[in-house]
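Contents: one structure, followed by commentary.
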Amino acid sequence: MLDFPRWKRLGIVGLLLIGILLALPSFIPKHYTPGLNLPRINLGLDLSGGSHLLLEADATSLLKQRLEQMSETIRTEMRRGDPRIAIGDISIAGGRLSFFVRDVAQVDQAVERARAQTNGVGVTGQRDWDVRVMDTNRIVMTPTEAGQKDAVDKAMEVATEVVRKRIDELGTREPTIIRQGSTRIVVQVPGLQNPAALKALLGKTAKLEFKLVDVTASPADVAAGRAPVGSQILPYPDNPQGVPRIAVHRGVLISGDQLIDARQEFDQRTNAPVVTIRFNGQGGRRFAKVTQENVNKPFAIILDNAVISAPNINEPILGGTAQISGNFTVESANELAIALRSGKLPVDLKVIEERTVGPQLGADSIQAGVTASVLAVALVVAFMLVTYGRFGIYANAAVIINVFVILGVMSLLNATLTLPGIAGFVLTIGTAVDANVLINERIREEKRRGRGVVQAVELGYKEASRTIFEANTVHTISGLIMLVLGSGPVKGFAVVLLIGIVTSVFTAVTFTRMLVAGWIRRNRPTEIHI
């Protein structure tokens, strides 16, 4: 237990020095190290200030989307199937979809095709849509409760990831983005004091579509909000004709799902900010075909069900790229590019809670945390020194080095320090000497039994280590449970606690044992005062 060959001593000292060196950049302001990407501890929202938003999904709009998507699917399947089934207009009202089958003899076939578009939910055997026949030839499709719940859950998973991508594109570090309940997302962005741009970006659904303009619609009907059959009226705020509406065909020529890139650039002719989009291979071929078939026809570029522009297709666009122009500023064009790159939100999100944590409040929290940490270290050092003498000095050296090693490991992991994390840090300092207390008391006990110095120290470390490892195993299990099941502050506390458990065991057991072994080897004491 007290045998430390040279390679082992060098390894222990080397590991601790690396931990200390990794911790140092966190104490140096960033403006003193320009251009150097040094590992640092990131400060959480409660320490650095920033923005907190609580987003809630609009489940009603998701249900409407599902109804509209199913409407398009049913219309397509009835028309393309063999034999073709003629149906009347599809009605969406009361949270369900219904349509008439013109030939009563084809009702059963229509029901089978409709049911083929539904899916099972989980392992219960339930379907996401209920299909029934009413009034002999009217088919009614109603979303089931299980289907709607599953759709909301899947939409929230995608929405959380889209929100994460959009915030990452802003260049912020260590945002907290977690689901809360079934329809909410908590967003915390440290260092961002003005949440207006963030709200605008996160609230943008970024649903991009290209549709042909219905040139047969009369201006009077468009102005009155009436659309011909097969078309729809959409808002067009920047319509050069002055009417803030336009009629477009319902069929989507191409959608933003096939985008692979979007960048803010400048129009070479007017130098106005534009967004250049690039499609994948399939989307590029589709876009080329659409523009070839519709030369000299206007088509609408639609974002979130509002028309941005409706240019004329003067010639086929074959390169797989297109430009979106409008009354953009550089900032708004960049926001749109970010939204398109990160993908569309599958459900509308609205901000239901918003607050900003000022940097001064964060500075006060840091000051309080530093004061508590320094006070904890000072009291622990004084207690160990008075109680255990030389062995207390070794324990104190382990505690102080442990502080730096914890910070170094957190810097290496690019972890975020929050106010609860500081609480975990102070707790770790207080418990870091527990191992040394157990070891020193065991050495005392062995001395009372008449053991020699070397044997008492060796048995003290050997017997106490078993208890130390068992106790810290229990702490580790608790910390892992908090890390996996917790969120936000609880997770921040768990991260610091787990790192502190590992580093404190290493410094308190291995490092102090090396110091004690070196002292005994050099001085050959016949008695120890502990």
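Along the sequence shown, residues are numbered consecutively beginning with 1.
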**OP:** Please step through side-chain contact (heavy atoms from CB on, under 4.5 Å) for the pair E335 and Q264, ending with a clear verdict.
**Re:** CA-CA 9 Å; E335 286 178 8; Q264 182 270 314; over 6 Å; no
**OP:** Using the side-chain contact (heavy atoms from CB on, under 4.5 Å) rule, take I499 and M410 through it: C-alpha gap first, then chi angles, then the decisive distance, then the call.
**Re:** CA-CA 8 Å; I499 294 174; M410 291 183 68; 3.6 Å; yes
Original post:
Would E265 and T276 count as a side chain to side chain donor-acceptor pair (under 3.5 Å) if you check the C-alpha gap in whole Å, the side-chain angles of each, and the deciding distance to 0.1 Å?
Top reply: CA-CA 7 Å; E265 295 181 353; T276 300; 2.9 Å; yes
Subject >> From CA spacing to verdict: side-chain contact (heavy atoms from CB on, under 4.5 Å), H52, V186 >> reply: CA-CA 8 Å; H52 169 100; V186 175; 3.7 Å; yes
Subject >> Residues I185, I177; criterion side-chain contact (heavy atoms from CB on, under 4.5 Å); working and verdict >> reply: CA-CA 7 Å; I185 302 174; I177 304 161; 4.0 Å; yes
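Closest heavy-atom contact between P39 and P25: O-CB, 3.5 Å. Residues R66 and Q148 come closest through the heavy atom pair NH1-OE1, 2.9 Å. Of all heavy-atom pairs spanning G500 and I406, the tightest one is CA-CD1, 3.7 Å. Heavy-atom minimum distance, S98 versus V140: CB-CG2, 3.9 Å. Of all the heavy atoms in M156 and S182, the pair that sits closest is CG-O, 3.3 Å. Smallest separation of non-hydrogen atoms from E354 and K199: OE1-NZ, 3.0 Å.
The 12-atom threshold is exceeded at CG of N312, counting heavy atoms of other residues, nucleotides or ligands nearer than 6.0 Å. Other residues, nucleotides and ligands contribute more than 12 heavy atoms inside 6.0 Å of the CD atom of E72. Counted within 6.0 Å of CD on Q241, heavy atoms from surrounding residues, nucleotides or ligands total 12 or fewer; the atom is thus considered open. The local environment of CZ in R132 is sparse, with at most 12 non-hydrogen atoms from other residues, nucleotides or ligands closer than 6.0 Å. Shown here is E145, whose CD atom has no more than 12 heavy atoms of other residues, nucleotides or ligands within 6.0 Å.
The shortest distance between side-chain heavy atoms of D214 and V248 does not fall below 4.5 Å. A 4.5 Å side-chain heavy-atom check between H475 and L497 finds every atom pair outside the cut-off. The side-chain heavy atoms of R263 and R341, taken from C-beta on, include a pair separated by under 4.5 Å. Looking at heavy atoms from C-beta onward, Q106 lies in side-chain contact with P83 at the 4.5 angstrom threshold. Considering only heavy atoms from C-beta on, I477 comes within 4.5 Å of I481 through its side chain. T136 places none of its side-chain heavy atoms less than 4.5 Å from the side chain of V107. Considering only heavy atoms from C-beta on, L259 comes within 4.5 Å of F279 through its side chain. Counting heavy atoms from C-beta outward, P244 and Y236 have side chains that stay 4.5 Å or more apart.
Side-chain atoms of D267 never come within 3.5 Å of backbone atoms of A272 as a donor-acceptor pair (strictly under, hydrogens ignored). Without hydrogens or angle criteria, S26 side chain to I41 main chain gives a donor-acceptor distance under 3.5 Å. T144 places a side-chain N or O within 3.5 Å of a backbone atom of R127 that can act as its donor or acceptor partner. At least one donor-acceptor pair closer than 3.5 Å links the side chain of D128 to the backbone N or O of N119. Checking side-chain atoms of S332 against main-chain N and O of F328 turns up no donor-acceptor pair under 3.5 Å. Using a distance-only test at 3.5 Å, with no hydrogens or angles considered, a donor-acceptor pair links the side chain of R245 to the main chain of A223. Between the side chain of T118 and the backbone N or O of A114 there is no donor-acceptor pair closer than 3.5 Å.
Interatomic distance, OG1 of T321 versus CZ of R278, reported as 9.0 Å (0.5 Å rounding). To the nearest 0.5 Å, atoms OG (S91) and CZ (R138) are separated by 8.0 Å.
For the pair K154 and E157, the salt-bridge criterion is not met [side-chain N within less than 4.0 Å of a carboxylate O]. A salt bridge does not link K149 to D153: none of the charged side-chain nitrogens sits closer than 4.0 Å to a carboxylate oxygen.
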Output side-chain donor-acceptor pairs under 3.5 Å for residues 286-300, partner residues at least two apart or in another chain, one line each.
| residue | atom | partner | partner atom | Å |
| --- | --- | --- | --- | --- |
| R286 | NE | L253 | O | 2.9 |
| R286 | NH2 | L253 | O | 3.3 |
| T291 | OG1 | F287 | O | 2.9 |
| T291 | OG1 | A288 | O | 2.9 |
| T291 | OG1 | I317 | N | 3.0 |
| N294 | ND2 | V290 | O | 2.7 |

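Annotation: side-chain contact (heavy atoms from CB on, under 4.5 Å) contacts of L480 (sequence neighbours excluded): T476, L498.
Between L67 and the options I92, L62, I90, a side-chain contact (heavy atoms from CB on, under 4.5 Å) holds for only I92.
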